[in-house]
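The chains referred to below are lettered A, B, ... by the order of the sequence lines, with proteins before strands, and numbering in each begins at 1. These numbers come from a predicted model, not from an experiment.
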Protein chains: 2
Amino acid sequence: MAGIEEVAKLAGVSTATVSRALSGRGPVSEATKLRVVAAAAELGYVVSSNASSLASGRMRNIGVVIPFLDRWFFSSVLEGAQHALLRNGYDLTLYNLSGEGSERQSVFEHFLLRQRVDAVIAVSLELTEAEVARLHALDKPLVGVGGPIPGVRTLTIDDVAISRLATEHLLALGHTRIAHIGGTHEFDLDFHLPTNRRLGYEAALVDAGYAVDPSLFAPADFSIKGGYHAAKQLLGVPRDRPTAIFAASDEMAIGSILAARDLGLSVPGDVSIAGIDDHDLADFFGLTTVAQFPRQQGERAVEILLEQLQPTDAPPGQADTRLPYELIVRASTARPSPSA
Amino acid sequence: MAGIEEVAKLAGVSTATVSRALSGRGPVSEATKLRVVAAAAELGYVVSSNASSLASGRMRNIGVVIPFLDRWFFSSVLEGAQHALLRNGYDLTLYNLSGEGSERQSVFEHFLLRQRVDAVIAVSLELTEAEVARLHALDKPLVGVGGPIPGVRTLTIDDVAISRLATEHLLALGHTRIAHIGGTHEFDLDFHLPTNRRLGYEAALVDAGYAVDPSLFAPADFSIKGGYHAAKQLLGVPRDRPTAIFAASDEMAIGSILAARDLGLSVPGDVSIAGIDDHDLADFFGLTTVAQFPRQQGERAVEILLEQLQPTDAPPGQADTRLPYELIVRASTARPSPSA
DNA sequence: GTGAAAGCGCTAACAC
DNA sequence: GTGTTAGCGCTTTCAC
């Protein structure tokens, strides 16, 4: 492994110049820069990130803390972040918290404090004050995706508005008995997504002049399986069956479609179904949904972070960035059939 | 951020002793070790990984190169690896190659050479000789999951045997017209999984005395959607319909189940369906499958790597480790109905 | 079992 | 625009 000294020798300059030429910091004439780059290429030289980081304090590495890897939303955010980081020459160090709670503690007490990352992206995690404080004490920028986290720059989606949008779509089609499959309380811990989505649904109903019927709510765990069972329960009643289901995630909505089929109901003939996410499979199932763009969320988080790592003290930007969403109407929703 | 010097002062020892006490390398009396650990805890001291790595040459960091994040198999391997690494105090630096080819090059030419990782895990990637050579030149251990990669320690699953097992299950039930949904050629590039799985299927048929009927093969892209369309084609013929489908992945098998339903066929009444993976959703769909345990594959890869990082020159272990698999019979397979 | 001191391979003042 | 040099914060010989 060639070192900076050898490159300097081959290019006929000092190590300082090599450092400047290769990092782009500090003035170097075009001619010498070319020689240095050529020498580095010839020797297959790559800066040692440890030596560089130790001397400069810059790690070129971002830590991503994420609770799950095997769900579409999370892996998409991660993919977006990874992509944006790679493009900028940054490494991504992954901290997946899917195990027991002890992992979370060691990540925040040890791993993130090792001076290995310049900044941290926390996905769908509500950090404790202590956790935030630790990172701030190290002067490490932090951005939350899916927060909000008090005192931290976050990217959030307006869950209330999203739900309202989906529900209003069903109302506009003429549905009045609209059921909702939402999250259980355990999913409310880190970010109040289930609650907010339920609130949006209820607000849309109330605004349209309908009462909220508690019997039209069923909790599930955000999975296809969970949505299936919840929908079976909602649709299994012989009389006063809901004519539409709005599920708080596409996976639960897909489960609902499968449940409807198993009950011999046609979608959207007998029941309309809408979700949230625009999951990979939504198109395949013809699911009407409100898209949120997780890949872009990951990319955006990186951009914000890299901006913050620039020494340019521009206006720090607003603390909370609202993410875009979009209603995508497919074949799973339609006007209620007159017979219903 | 407290440094080693402050800890030394507080514990009343030299920095050398602090280093020894905290890293466990070199002799320290039990008493001083206790004092040092207490002092470190009191100051909230965490070793700077850069300084430590620069001085010692150990990074406590493993690079994982992986082609996809949003597929169950890959995210599960990643999760297993992450878990095992965290438990051992190692960081995981992720390199996802899902973008265009340029990413792959920069990962191997720059990112991995920055001296940031002790070793590399390559998941389902057939590395070029040049790529392997680069890593070996740096003396970085490398293990492949899903290889095999010539000259590299790999964990592989016997795809031929897995397919044979699934096919023999269908044969044993009395099926003779067994269709196969396999991968297209593009998926054969990095690891010959589609070909091997097809070979196992064909070998089982031939051994049982049946000819391979090319009309009973349909290619797809390993997705639910792809499997759906392939199955529609296979099952759409009025006469001589296959009585069973063996798909090279659970996602394609699930697509087949949905296709069968849409065609008004019952599973397993009219057609039996089997897959490979034991995907998250396999249980929900009652899918008979051959499980391969991707989480454990990730964990195992880490164990092998960490072993290799030990200076103990024990027997280096065999070059190719075969992974376990297991037939899981659920409700999607049964004896063919007499009427068929 | 413990301490002193010499680096690890770079970067960033500072001088020129 | 370029070279000189003093660290960055640890680990590791080597003495004791």
Taking all non-hydrogen atoms of both residues, which atom of B:Ser124 and which atom of B:Phe73 are closest, and how far apart?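 The pair with the smallest heavy-atom distance is OG-CE2, 3.9 Å.
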What closest approach, in Å, do B:Leu86 and A:Tyr95 show between heavy atoms, and which atom pair accounts for it?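 It is CD1-CD2, 4.1 Å.
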Table please: side-chain donor-acceptor pairs of residues 114-121 of chain B below 3.5 Å, with sequence neighbours left out.
residue, atom, partner, partner atom, Å
B:Arg114, NH2, A:Gly89, O, 2.8
B:Arg116, NE, A:Ser49, OG, 3.4
B:Arg116, NH1, A:Met59, O, 3.4
B:Arg116, NH1, A:Arg60, O, 3.0
B:Arg116, NH1, A:Asp91, OD2, 2.6
B:Arg116, NH2, A:Met59, O, 2.2
B:Asp118, OD1, B:Met59, N, 2.9
B:Asp118, OD2, B:Met59, N, 3.2
B:Asp118, OD2, B:Arg60, N, 2.7
B:Asp118, OD2, B:Asn61, N, 3.4

Roughly how far, to the nearest 0.5 Å, is CG of B:Leu138 from CG of B:Leu112? 9.0 Å
Gap between atom OG1 of B:Thr17 and atom CZ of B:Arg35 - 0.5 Å precision: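 If we round to the nearest 0.5 Å, B:Arg35:CZ and B:Thr17:OG1 are 9.5 Å apart.
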Position toward the 5' end of DNA chain D (nearest nucleotide), B:Thr15 or A:Ala16: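 The 5'-side residue here is A:Ala16.
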Using heavy atoms to find the nearest nucleotide of DNA chain C for B:Gly26 and A:Thr17 separately, return the residue whose nucleotide is more 5′.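 It is B:Gly26, whose closest nucleotide lies nearer the 5' terminus.
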Nucleotide N/O to protein N/O under 3.5 Å, stretch nucleotides 14-16 of chain D:
none

Is any NZ, NE, NH1 or NH2 atom of the basic residue among [X] and [Y] found under 4.0 Å from an Asp or Glu carboxylate oxygen of the other?
X	Y	result
B:Arg300	B:Glu303	yes
A:Glu299	A:Arg295	yes
A:Glu30	A:Lys33	no

Should A:Thr32 be listed as having a side-chain N or O under 4.0 Å from OP1 or OP2 of D:dT2? yes
Whether the B:Asn50 and B:Ser48 side chains hold a donor-acceptor pair (N or O, under 3.5 Å, no angle test) is what I'd like checked. no
Compute whether any side-chain donor of one residue and acceptor of the other, for A:Ser75 and B:Arg71, lie under 3.5 angstrom apart.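 B:Arg71 and A:Ser75 do not have a side-chain donor-acceptor pair below 3.5 Å.
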Would A:Leu125 and A:Arg104 count as a side chain to side chain contact (heavy atoms under 4.5 Å, CB included) here? Give the steps. CA-CA 11 Å; A:Leu125 286 172; A:Arg104 176 162 182 161; 3.9 Å; yes
Using the heavy-atom set of chain B and a strict 4.0 Å cut-off, write down the first and last nucleotide of DNA chain C that makes it in, 5' to 3'.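 The contact span of chain B on DNA chain C goes from C:dG1 to C:dG9.
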Who pairs with B:Ser19 by side chain to side chain donor-acceptor pair (under 3.5 Å), at least two apart in sequence or on another chain? none
With a 4.0 Å cut-off on heavy atoms, is A:Val13 in touch with a base, just the backbone sugar-phosphate, or nothing at all? sugar-phosphate
Quick one: label B:Arg58 by what it contacts on the DNA or RNA (base, sugar-phosphate, nothing), any heavy atom closer than 4.0 Å. sugar-phosphate
Does the side chain to side chain contact (heavy atoms under 4.5 Å, CB included) test come out yes or no for A:Lys140 and A:Arg134, once each step is laid out? CA-CA 9 Å; A:Lys140 297 235 172 299; A:Arg134 272 200 129 72; over 6 Å; no
Which whole-number value in Å describes the distance from B:Leu43 CG to D:dG9 P? 15 Å
Rounded to the nearest angstrom, tell me the gap between atom CG in B:Leu22 and atom C1' in D:dG9.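 After rounding, the gap between these two atoms is 14 Å.
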Contact residues, residues 44-54 of chain B to DNA chain C [heavy atom, < 4.0 Å]: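 Contacting residues: B:Leu54.
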Five pairs at each end of the helix from C:dG1-D:dC16 to C:dC16-D:dG1: take the axis at both ends and give me the angle between them to 10°. 30°
